[in-house]
Each structure stands twice: as structure tokens, then as C-alpha cells.
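Basis for what follows: all heavy atoms, side chains included, without hydrogens, waters or symmetry-related copies. All ligand and atom numbering here is 1-based and tracks the order in the structure.
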Amino acid sequence: MRKLTNVLVTGGAGFIGCNFIRVLLKKTPGFTGRVINLDALTYAGNASSLADIDGEFGGKRYFFERADITDRERVRGIFQKYDIDTVIHFAAESHVDRSILGPEAFIRTNVMGTFTLLDAARDLWRGEGGSMREDVLFHHVSTDEVYGSLGETGYFTETTPYDPRSPYSASKASSDHLVFAYHHTYGLPVTLSNCSNNYGPYHFPEKLIPLMILNMLEGKPLPVYGDGKYVRDWLFVEDHNTAVWAIVNRGKSGEKYNIGGENEWENITLLRKLIGIVAEKAGLDAGKVAETITFVKDRPGHDRRYAIDCSKLKRELGWTQSVTFEEGLSLTVDWYLSNKAWVVNVKSGEYAHWVEKNYTAR
Ligand code: NAD
Ligand code: DAU
């Protein structure tokens, strides 16, 4: 029986991690444990995204530790300080374009960082007699990009061979292999999920959907890579997180689960849909906004199509999505329109100073 009492969330100040912590503490009545958010606060980490959570739960059920997952001593110290029994590992360098410009940080965080966490868990999760405890779990959050690129038909299943093609996806594939190696070699209880493209609140505006929303609102060009006919499968971030929580609670140790939106869109078609929603909500002329679409140089090695078969997750764990794409996009646009302070904070770079200004060590 898994304990799920002291849950270490890595990368909890990032896009998906902060949504995860919010749902866990505010909308998951069955969970009464503590959440320890371990985050290095890179450019993608924004502790102010959890200001409300820190105010309500800080020092009681929510604890923030600014630390790097590659720092062996800090990681071990945090495991021991909070008696960690569950790891939900979101922390990563996550942006494909950045991995093309500078792969090293991806190898360091995604490969070495995952290794450092796994090794701490292997060492510190031994029970009496030296055998691995059974009430612990290491859940690794990964991506559908490890499977490579699809043609016009077909889906990634859990048995699709790995074929990563960018430094980002290669680093995530390496981390996936390490996770299963620790399970098979040392008996570490693990689960793993490979998810498709997320969207929703608190998304850093370097990624397609938030970048396009904010550029539309600011009257800036909308840069579409290549011919715009690349296909992604979009999932609302809260639905990714309910899937992760279902796997952490009921997933079988040693198993991987695909998570997807069953919601494929060509980038250009998605963009036109988004223009309609933003224009209506923000009182803009959709035709004029569409004129700012700009086809730009393609991403090197750009994967053509991702599409996920998530039937295992649905069948075995009973997970379903809570919103349609239209509802999710509408919620997302509403969120960006009504959280202008968050946007200003990110765009000005002020968010990087939130911890030193607001956080009182407890
Ligand atoms: P993100 O870039 O928004 O956040 C990453 C977080 O990790 C940040 O808070 C950052 O400060 C932290 N971090 C980075 N390096 C660190 C280090 N060395 N030590 C400690 N913390 C560090 O990423 P995201 O979009 O929230 O993605 C979270 C996870 O989900 C990643 O593992 C990613 O590969 C995976 N994933 C993302 C998507 C997506 O669409 N965004 C889809 C599938 C899987
Ligand atoms: O599939 C899951 C992955 O989805 C995650 O593992 C990654 O962490 C996450 O960043 C995301 O990767 P993508 O590369 O698919 O996301 P991005 O938002 O960068 O791009 C989505 C698509 O839009 C892709 O085909 C590239 C294109 N694009 C992107 C940007 C930023 C553009 O055409 N213009 C842009 O300005």
C-alpha cells in the first residue's frame, strides 16, 4: 500500500508542476499529506504562481525548497528532512527550441538530475534488512516526444519503440530508460507517464499557445514555423495532472502510461481557432489579427506529427478528460485576460525575485 504522505514534487514552480500542486492541495479531498516543492527556479520557474498556496498552506502542508536536482547533497537532505515517501518528478528543461540552441542544460538537468533523484530514492528507501520499501513510489513525468515523429496515420502506444530526435527528447528518453533501469536492477517502485502537449494557465509564454495569445493581445506578429502543418495532440493541463494523480494512486509499479488529449490539430488550424476565441473575448477584429500570421523559418529537425493512444490509461485506471478543447482554450484565454499582473511579472523578469521578496523561511 502506497503511503502518499510526504510528496516531493520536483519542478513545482513550472507550468505543469504549479497546476499540479494547486489541484492536489485545493481540489483533492482524499489527500491529506504534505507537498514539498523542490525547484531550482530557472527562467521557467515562477514561485509567484503558487503565492496563494504558500499563503494558505505554507509551513503546514506546503513547503518550498529552492534546490537543484543535480545537487546530490541537497536532494538527499530534503528526502531526509521531510521523510519523503513519494516523488513526482516534473523538473526538467522543457523547451525544444532552447534544446537546439543549447543542449547541455538539458543533459545536465534531465539526465543527471533524474539520475541524482533516482539514486537518492534507491539509497534512502531501503527498509529493515536492506530491501526496498513497498510503500514508496517514484513517478517520472515524461513526454510523447520520446517516440519520435508519426506520418499521417497511426498513434504512439506504450510499446512504440523510442526514437527521440531533438536534444530535448533524447534527454527525456535517457531519463525514462534510467527510471526503468532502477526498477529492474534495484527494485525501485516506479511509474512513468508520456504525455502530449499541455496548455492552460501559468504556461510560460515561449510555448505556442501562450505566446500566440499574448502576441495577439499586444498586436505583435504570430510566428508560424515552416508550413504550419505540423500536428500536435493538445491536453488541458488539469487533465494531465488528474492522470498523473491516478497513476500515482493506482498505477502498477514498473508500468508506463500514455496520456493524451485525443485532440490533434495542425498548428495553423489551431492558431485560426485561437484567433477567433481571443478576438471575441478581447474585442479585437479577428480578420486584422489573422493578418499578423507570419510564416517563419522552420525549427531544425521539427517532428511532423504526434498523436497519443491513451486507451491503457482509460481502460485500466478509469481516467477521462474533464473539458473539451473549446472549453479548455476558453478557460485559458480567460485566465490570461484576467491575470495581467502575472503576465507583466513574467515579461518584466520581476518574477525571478519573488522568493527573495516574499518568502519567509519556515
Ligand atoms: P517548465 O519548463 O514550465 O517547468 C520546469 C520546472 O523545472 C521549472 O520550475 C524549473 O525551475 C524547474 N527546473 C529546471 N531545472 C531544474 C533543476 N536542475 N533542478 C530543479 N528544478 C529545475 O516545464 P513544464 O512544461 O511544466 O513540464 C514539466 C514536465 O512535464 C517536464 O518533465 C516535461 O518534460 C514534461 N512534459 C511537458 C509537457 C508540456 O506540454 N509542457 C508535455 C509532456 C511532458
Ligand atoms: O509533446 C509534448 C511536448 O510538447 C513537451 O514534451 C514539451 O515540453 C513542450 O514544450 C511541447 O513541445 P512542442 O515543441 O510541441 O511545443 P511548442 O509549444 O514549442 O510548439 C508546438 C508546435 O508549434 C510545434 O510544432 C512548433 C510550433 N511553433 C512553436 C512556437 C513556439 C510555432 O509554429 N511557432 C512558435 O512560435
Side-chain angles (χ1 to χ4, degrees), residues 9-20 37-47 49-50 65-71 74-75 88-100 105-106 108-110 112-114 116-117 140-147 149 156 164 166 168-169 171-172 175-176 193-200 202-212 215 221-235 237 240-241 244 258-261 265-268 270-271 293-299 301-308 352:
V9 175
T10 70
F15 161 50
I16 306 177
C18 79
N19 279 288
F20 181 81
N37 176 5
L38 186 171
D39 199 298
L41 299 183
T42 67
Y43 81 93
N46 184 347
S49 300
L50 288 168
E65 291 280 352
R66 184 171 192 170
D68 195 304
I69 55 168
T70 63
D71 183 337
R74 281 300 308 283
V75 165
I88 305 180
H89 176 33
F90 290 98
E93 287 292 339
S94 70
H95 192 40
V96 175
D97 291 334
R98 285 181 190 256
S99 85
I100 295 165
F106 288 71
R108 198 181 76 81
T109 287
N110 301 358
M112 287 305 293
T114 303
T116 305
L117 287 164
H140 180 57
V141 178
S142 191
T143 171
D144 60 357
E145 299 199 11
V146 298
Y147 298 124
S149 183
F156 299 133
S166 72
Y168 163 68
S169 54
S171 68
K172 292 296 289 187
S175 63
D176 289 15
S193 49
N194 298 95
C195 189
S196 63
N197 286 61
N198 285 216
Y199 68 98
Y202 304 100
H203 206 175
F204 196 81
E206 63 184 352
K207 308 278 167 61
L208 181 73
I209 288 183
L211 176 82
M212 293 300 178
N215 281 11
L222 308 176
V224 175
Y225 297 167
D227 64 2
K229 294 193 173 162
Y230 293 86
V231 174
R232 297 292 182 266
D233 170 3
W234 294 93
L235 178 68
V237 63
H240 180 185
N241 285 330
V244 166
N258 280 351
I259 309 173
W265 290 84
E266 280 185 351
N267 293 336
I268 187 69
L270 159 54
L271 181 55
I293 293 176
T294 312
F295 289 90
V296 299
K297 193 164 171 281
D298 210 349
R299 171 186 282 175
H302 200 168
D303 286 338
R304 191 64 170 169
R305 173 172 169 258
Y306 303 142
I308 273 273

Should H140 and T114 be marked as a side chain to side chain donor-acceptor pair (under 3.5 Å) after you check the CA-CA gap, both sets of side-chain angles, and the distance that decides it?
CA-CA 9 Å; H140 180 57; T114 303; 4.7 Å; no
List the steps and the verdict of side-chain contact (heavy atoms from CB on, under 4.5 Å) for Y168 and E93.
CA-CA 8 Å; Y168 163 68; E93 287 292 339; 5.8 Å; no
Does R232 form a salt bridge (Lys or Arg N to Asp or Glu O under 4.0 Å) with D144? I'd like the steps, not just the answer.
CA-CA 10 Å; R232 297 292 182 266; D144 60 357; over 6 Å; no
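Taking the six-membered ring where the residue is Trp, F204 and Y43 present perpendicular rings, their angle passing 60° and hence far from 30°.
Closest approach of G45 to D39, counting heavy atoms only: CA-OD1, 4.3 Å.
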Under a 3.5 Å threshold, I'd like every N/O contact between ligand 1 and protein atoms, with atom names and distance.
| unit_1 | atom_1 | unit_2 | atom_2 | d |
| --- | --- | --- | --- | --- |
| ligand 1 | 2 (O) | S94 | OG | 2.7 |
| ligand 1 | 3 (O) | F15 | N | 3.0 |
| ligand 1 | 9 (O) | G14 | N | 2.9 |
| ligand 1 | 9 (O) | D39 | OD1 | 3.2 |
| ligand 1 | 9 (O) | D39 | OD2 | 2.6 |
| ligand 1 | 11 (O) | D39 | OD1 | 2.5 |
| ligand 1 | 11 (O) | L41 | N | 3.4 |
| ligand 1 | 11 (O) | T42 | N | 3.0 |
| ligand 1 | 11 (O) | T42 | OG1 | 3.2 |
| ligand 1 | 18 (N) | D68 | OD1 | 3.0 |
| ligand 1 | 18 (N) | T109 | OG1 | 3.0 |
| ligand 1 | 19 (N) | I69 | N | 2.9 |
| ligand 1 | 21 (N) | A40 | N | 3.1 |
| ligand 1 | 23 (O) | S94 | OG | 3.3 |
| ligand 1 | 26 (O) | F15 | N | 3.3 |
| ligand 1 | 26 (O) | I16 | N | 2.8 |
| ligand 1 | 32 (O) | F90 | O | 2.9 |
| ligand 1 | 32 (O) | K172 | NZ | 2.6 |
| ligand 1 | 34 (O) | Y168 | OH | 2.7 |
| ligand 1 | 34 (O) | K172 | NZ | 3.1 |
| ligand 1 | 40 (O) | N198 | N | 2.9 |

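For N215, the side chain to side chain contact (heavy atoms under 4.5 Å, CB included) partners two or more places apart in sequence, or in a different chain, are L211, K220, L222, P223. With sequence neighbours excluded, the residues that form a salt bridge (charged side-chain N to carboxylate O under 4.0 Å, His left out) with D227 are R304.
With ring centers used as reference points, Y230 lies 6.0 Å or more from Y225.
For the pair S196 (side chain) and D233 (backbone), a donor-acceptor distance under 3.5 Å is present.
Protein residues are said to neighbour a ligand when one of their heavy atoms lies under 4.0 Å from it; for ligand 2 these are S94, H95, V96, T143, D144, E145, Y168, C195, S196, N197, E206, K207, L208, L211, P223, V224, Y225, Y230, R232, N267, R299, H302, Y306.
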